[in-house]
Amino acid sequence: MIRLACLLALVALVIAVIVAIRPTGPNAILFSFVGVPALGAGVLVYGIKRWREGALSSDPAWNRDST
Amino acid sequence: MIAVVLATIARDAWAAADGATPLFSWPTEHRGLDWLQILPIVAAIPAAAILLVGIVRGRLLPAVAIAGIVFLPVAAYALGMLLIMEDSKTVSFCGSCHVMTPIVASLQKEGDSLAATHFQRGLVSHEQACFTCHSGYGIWGTLDAKLAGVRHMLKTATRSYTFPIEHHGPFDIDSCLNCHARAATFRAVDAHQDPDTQQALFKREMSCTGVCHVAAHPDEALNGPAS
């Protein structure tokens, strides 16, 4: 899951760099409709992974080095 | 690679927009590097390094993972969004989309359109001519323009536009009045002093173009690029 999250975030970052180098209309469309959802999905996948590991619970027995 | 990217941005920042000599391209929009372009890259590079390690190794320390997957990419996107918001005011940005290319090209041509007249006489900024006339007046005008920009992007992405392209709703003549209302030459025109005409304009029952003034853009430019 961490690989998927990293891959989605990396795709989003490549698009952000493309926009920064060439801020044009088509690149802005790519940024808004591909990059933002990819980044959102990456963060969501990572959040789910952490949640499944118990990172969001208040259980003190949670192992913080579980990733 | 970083050097190549920075050199590309620096070259663009220093280059005159239309290749004109310094006097004819003044004032330049950016002096030196355009930090709005550089900062998203500065945020993206360490994030990309972390993500590549994550992909190869399949695990990351929580603090590093949060930095690489959440904070740095979100920062890059926030800065990128700021760049797009600012850059979307430029004529070159509007003209970079297929549908708008002929309209932007028509600004440069000898013609009888209101936009070309304003552009060629230097009555609007050559950098932000589209935004100046289409954004309306004040902060709400800017907000409306940004919302219209999102609509344009959606229509372009889904190819749900039709030719000839038409203005969405009545044109906000506050954009015109922002410059013209206090001009003596504008006030001196009999038609502008007529109360009925003034009411019709304010109620948006009438526009500046169509009856009294020539169309804002030539008809052939509204039909998209010649295929």
Side-chain angles (χ1 to χ4, degrees), chain A, chain B residues 5 8-9 12 34 36-45 47-48 50-66 68-70 72-74 76-77 79-81 83-88 90 92-101 149-150 152-154 156-158:
Chain A
M1 267 190 116
I2 188 84
R3 283 197 169 99
L4 178 63
C6 288
L7 190 66
L8 286 165
L10 194 61
V11 168
L13 280 178
V14 168
I15 293 170
V17 170
I18 290 170
V19 166
I21 294 170
R22 285 275 174 270
T24 62
N27 287 343
I29 290 172
L30 200 65
F31 181 92
S32 302
F33 301 131
V34 180
V36 172
L39 180 60
V43 171
L44 188 68
V45 168
Y46 181 67
I48 291 170
K49 176 191 176 297
R50 297 280 289 166
W51 173 67
R52 285 173 61 181
E53 288 170 349
L56 304 179
S57 72
S58 55
D59 182 5
W62 173 65
N63 177 6
R64 70 181 63 186
D65 292 327
S66 60
T67 53
Chain B
V5 168
T8 306
I9 293 169
D12 288 354
D34 182 358
L36 264 183
Q37 275 187 288
I38 292 170
L39 289 176
I41 299 172
V42 168
I45 289 170
I50 292 169
L51 295 171
L52 283 171
V53 170
I55 290 170
V56 172
R57 293 181 60 192
R59 63 190 183 90
L60 287 169
L61 290 172
V64 176
I66 288 171
I69 299 173
V70 183
L72 287 169
V74 168
Y77 264 71
L79 292 163
M81 192 63 78
L83 169 68
I84 290 177
M85 294 287 272
E86 195 55 35
D87 220 74
S88 60
T90 64
S92 59
F93 185 94
C94 299
S96 67
C97 276
H98 188 66
V99 179
M100 297 293 174
T101 308
V150 173
H152 289 176
M153 290 203 300
L154 267 173
T156 305
T158 58

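On a predicted model such as this, the values are computed, not experimentally measured, just so you know. So that the names make sense, note that chain A is the first sequence line, chain B the second, and so on, each numbered from 1.
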Part of B:Val74 lying under 4.5 Å from any heavy atom of chain A: both

Euclidean distance, B:Ile84 CD1 relative to A:Ser32 OG, rounded to 0.5 Å: 5.0 Å

Part of B:Leu79 within contact of chain A (heavy atom distance under 4.5 Å): neither

B:Ala43, part contacting chain A, at a heavy-atom distance under 4.5 Å: neither

Verdict with reasoning, A:Ile2 to B:Ile69, per side-chain contact (heavy atoms from CB on, under 4.5 Å): CA-CA 10 Å; A:Ile2 188 84; B:Ile69 299 173; 4.0 Å; yes

Per-residue contact mode, B:Met100 against chain A (heavy atom under 4.5 angstrom): neither

A:Arg50 side chain near B:Pro62 side chain, heavy-atom distance below 4.5 Å: yes

Choice from A:Gly42, A:Ala5, A:Pro26, A:Gly47 maximising heavy atom contacts with chain B below 4.5 Å: A:Pro26

Short side-chain to backbone donor-acceptor contact, A:Arg3 and B:Gly54, under 3.5 Å: no

Segment of B:Ile55 engaging chain A (4.5 angstrom heavy-atom cut-off): both

Residue among B:Ala76, B:Pro40, B:Ala48 with most heavy-atom pairs under 4.5 Å to chain A: B:Ala48

Which of B:Ile66, B:Val53, B:Ile50 touches chain A most, by non-hydrogen pairs under 4.5 Å: B:Ile66

Contact leader toward chain B among A:Val45, A:Asn27, A:Leu39, A:Leu30, where contacts are heavy-atom pairs under 4.5 Å: A:Leu39

Side chain, backbone, both or neither of B:Leu154 within contact of chain A (heavy atoms, under 4.5 Å): both

side-chain contact (heavy atoms from CB on, under 4.5 Å) between B:Tyr77 and A:Val19, intermediate numbers included: CA-CA 10 Å; B:Tyr77 264 71; A:Val19 166; over 6 Å; no

For the student: nearest non-hydrogen atoms of B:Ala157 and A:Ile29, plus distance: CB-CG2, 3.8 Å

Residue pair B:Gln37 / A:Pro23: nearest heavy atoms and the distance that separates them: NE2-CD, 3.7 Å

Inter-residue atom distance B:Leu83.CG - A:Phe31.CZ, 0.5 Å rounding: 8.0 Å

Approximate separation, where rounding is to 0.5 Å, of B:Leu52 CG and A:Leu7 CG: 10.0 Å

Within 6.0 Å of CE in A:Met1, more than 12 heavy atoms from elsewhere: yes

Which portion of A:Val36 sits near chain B, non-hydrogen atoms under 4.5 angstrom: both

